[in-house]
Amino acid sequence: MPLGPWRKKNKSTKEHLVDNEEVSGGHAGAGSLSKSAVNGAGLPPPPANLRPKLVFHTQLAHGSPTGRIEGFTNVKELYAKIAEAFNISPPEILFCTLNTHKIDMDKLLGGQIGLEDFIFAHIKGLKKEVEIYKSEDALGLTITDNGAGYAFIKRIKEGSVVDKVKVICVGDHVECINGRNIVGTRHYEVARMLKELPKDKSFTLKLVEPMKAFEMLEPRSKGAKPASDNKIGTGRGTLRLRSKGPATVEEEPTEFEEKAVKKVDDLLESYMGIRDTELAATMVEVGRDKKNPDEFAMALDETLGDFAFPDEFVFDVWGAIGDAKQGRF
């Protein structure tokens, strides 16, 4: 059944903390899915004065007293609250991890926070400039962004071009490519820029690594493993952060949701060279109540049209959601 007539670009943009890579990558755990349909279907959220008051504990990852934060609904507001608690500027925060002060990409804060999770904020540290000779088409990097304008390295593929440059580490913020400042550029655009760099030529990266305490200095990690089964949340529910509208408290994902999200994330890597459980979770959410692939394709374009997914990919995602519903995984 052809899907072509419905392929379009949606000008609305959704904020996701997502992964892009040229060859392979990973993201921590399957995201918690909203129980109401996308685009406002279902019951509206309760008024602000009736919502539960959620307080989270936080520290700076390199060491600090414990702070308490509340009243945020998206990643940018979260960073602002953390910055206020520690009297720093929000742009100083590169990313956050949950329940560990280490640069552990399996514990990276995405769109959900467990209600009992402890938030560690990693701030800017040492700046470095590196020249790299691109001897292969793929650099072996997974690029993610923090939802607030900073792209950084989530994983380095073993034996890749970048793996041989030992000063480049997981967690490094990519500030400039060949002198071009890319702060504010989305993850998939940064991944595309790196992929399009000419082979057999050198290029320059300006990087900012997270500040490290003395006891955190250790051999370089390769970062998160693809399709990790690690769970981030430790509480019974999760707080889902949204780019528009209030944050919502939701139950942990069902077995269907976890399996479907994992499979769709695998398809994202296979077709598009990215891994992003938040994006995969949104796609599963869009498709869970659709009756056929054309209906799914239209809804997907309305929700995530900016990605311009290939038709073959949409068919396979539809099939993956159906397989998960039937318990065939």
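Residue indices begin at 1 and follow the sequence shown. Just the heavy atoms: all of them, side chains too, but no hydrogens, waters or symmetry mates, feed the values below.
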Between Lys128 and Glu209, does any side-chain N to carboxylate O distance fall below 4.0 Å?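 The answer is yes: the pair qualifies as a salt bridge.
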Evaluate side chain to side chain contact (heavy atoms under 4.5 Å, CB included) for Leu141 paired with Arg155, printing each intermediate quantity in order. CA-CA 6 Å; Leu141 283 178; Arg155 193 169 72 91; over 6 Å; no
What's the spacing between [X] [atom1] and [Y] [atom2] if we round to 0.5 Å?
X      : Y      : atom1 : atom2 : value
Ile143 : Tyr188 : CD1   : OH    : 15.0 Å
Thr303 : Leu279 : OG1   : CG    : 11.0 Å
Tyr79  : Leu94  : OH    : CG    : 8.5 Å
Leu60  : Phe120 : CG    : CZ    : 10.0 Å
Leu78  : Glu70  : CG    : CD    : 13.0 Å
Ile156 : Lys166 : CD1   : NZ    : 8.5 Å

For the residue pair Ser64 and Gln59, confirm or rule out a side-chain donor-acceptor distance under 3.5 Å.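 Note: Ser64 and Gln59 side chains miss the donor-acceptor criterion.
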Would you please say whether a donor-acceptor pair under 3.5 Å links the side chains of Thr73 and Glu77?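 Yes, Glu77 and Thr73 have a side-chain donor paired with an acceptor closer than 3.5 Å.
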For the pair Arg288 and Glu257, evaluate side chain to side chain contact (heavy atoms under 4.5 Å, CB included) and give the outcome as yes or no after the intermediate values. CA-CA 9 Å; Arg288 63 187 300 130; Glu257 291 164 345; 3.1 Å; yes
Note, [X] side chain near [Y] side chain (heavy atom, < 4.5 Å):
X      : Y      : answer
Ile153 : Ile168 : yes
Cys169 : Leu207 : no
Met211 : Lys124 : no
Ile132 : Lys164 : no
Val317 : Phe309 : no
Thr204 : Glu129 : yes
Met283 : Leu300 : yes
Lys212 : His62  : no

For [X] and [Y], work out which heavy atoms get closest and say how close.
X      : Y      : value
Val161 : Ala138 : CG2-O, 3.8 Å
Ser135 : Asp200 : O-OD1, 4.1 Å
Ala320 : Leu267 : CB-CD1, 4.0 Å
Ala83  : Pro90  : CB-N, 3.6 Å
Lys290 : Ala299 : CE-CB, 3.5 Å
Gly71  : Lys81  : O-CE, 3.8 Å

Walk me through whether Phe95 and Tyr150 qualify under ring-ring contact (aromatic ring centres under 6.0 Å, His included). CA-CA 8 Å; Phe95 56 85; Tyr150 288 166; over 10 Å; no
Got a sec: does the [atom1] of [X] have more than 12 other heavy atoms crowding it under 6.0 Å?
X      : atom1 : value
Asn87  : CG    : no
Glu84  : CD    : no
Lys127 : NZ    : no

Check for a donor-acceptor pair, side chain of [X] on one end and backbone N or O of [Y] on the other, with a separation under 3.5 Å.
X      : Y      : result
Asp265 : Lys262 : no
Lys201 : Leu197 : no
His173 : Ala151 : yes
Gln326 : Asp323 : no

Could you check Lys259 against Glu255 for salt bridge (charged side-chain N to carboxylate O under 4.0 Å, His left out), going step by step and ending with a plain yes or no? CA-CA 6 Å; Lys259 290 182 176 180; Glu255 183 179 3; 2.9 Å; yes
Mind running side chain to side chain contact (heavy atoms under 4.5 Å, CB included) on Met193 and Ile182 for me, showing each step along the way? CA-CA 10 Å; Met193 291 169 63; Ile182 61 166; 3.6 Å; yes
Testing Ile119, Asn146, Thr97 for side-chain contact (heavy atoms from CB on, under 4.5 Å) with Leu109, which one passes?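 Result: among Ile119, Asn146, Thr97, Ile119 is the only option passing the side-chain contact (heavy atoms from CB on, under 4.5 Å) with Leu109.
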Same cluster or not: [X] versus [Y], using hydrophobic residues (I, L, V, M, F, W, Y) connected whenever any side-chain heavy atoms lie under 4.5 Å apart?
X      : Y      : result
Ile103 : Leu126 : no
Leu205 : Val167 : yes
Val208 : Val170 : no
Tyr133 : Val162 : no

Would Phe118 and Phe56 count as a close aromatic pair, with their ring centres under 6.0 Å?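 Phe118 vs Phe56: aromatic centres not under 6.0 Å.
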One pair to check against side chain to side chain contact (heavy atoms under 4.5 Å, CB included): Phe152 and Met105. What are the steps and the verdict? CA-CA 11 Å; Phe152 60 93; Met105 294 293 111; 3.9 Å; yes
Applying salt bridge (charged side-chain N to carboxylate O under 4.0 Å, His left out), run through Asp137 and Lys134 and close with a yes or a no. CA-CA 7 Å; Asp137 290 327; Lys134 190 176 183 182; 6.0 Å; no
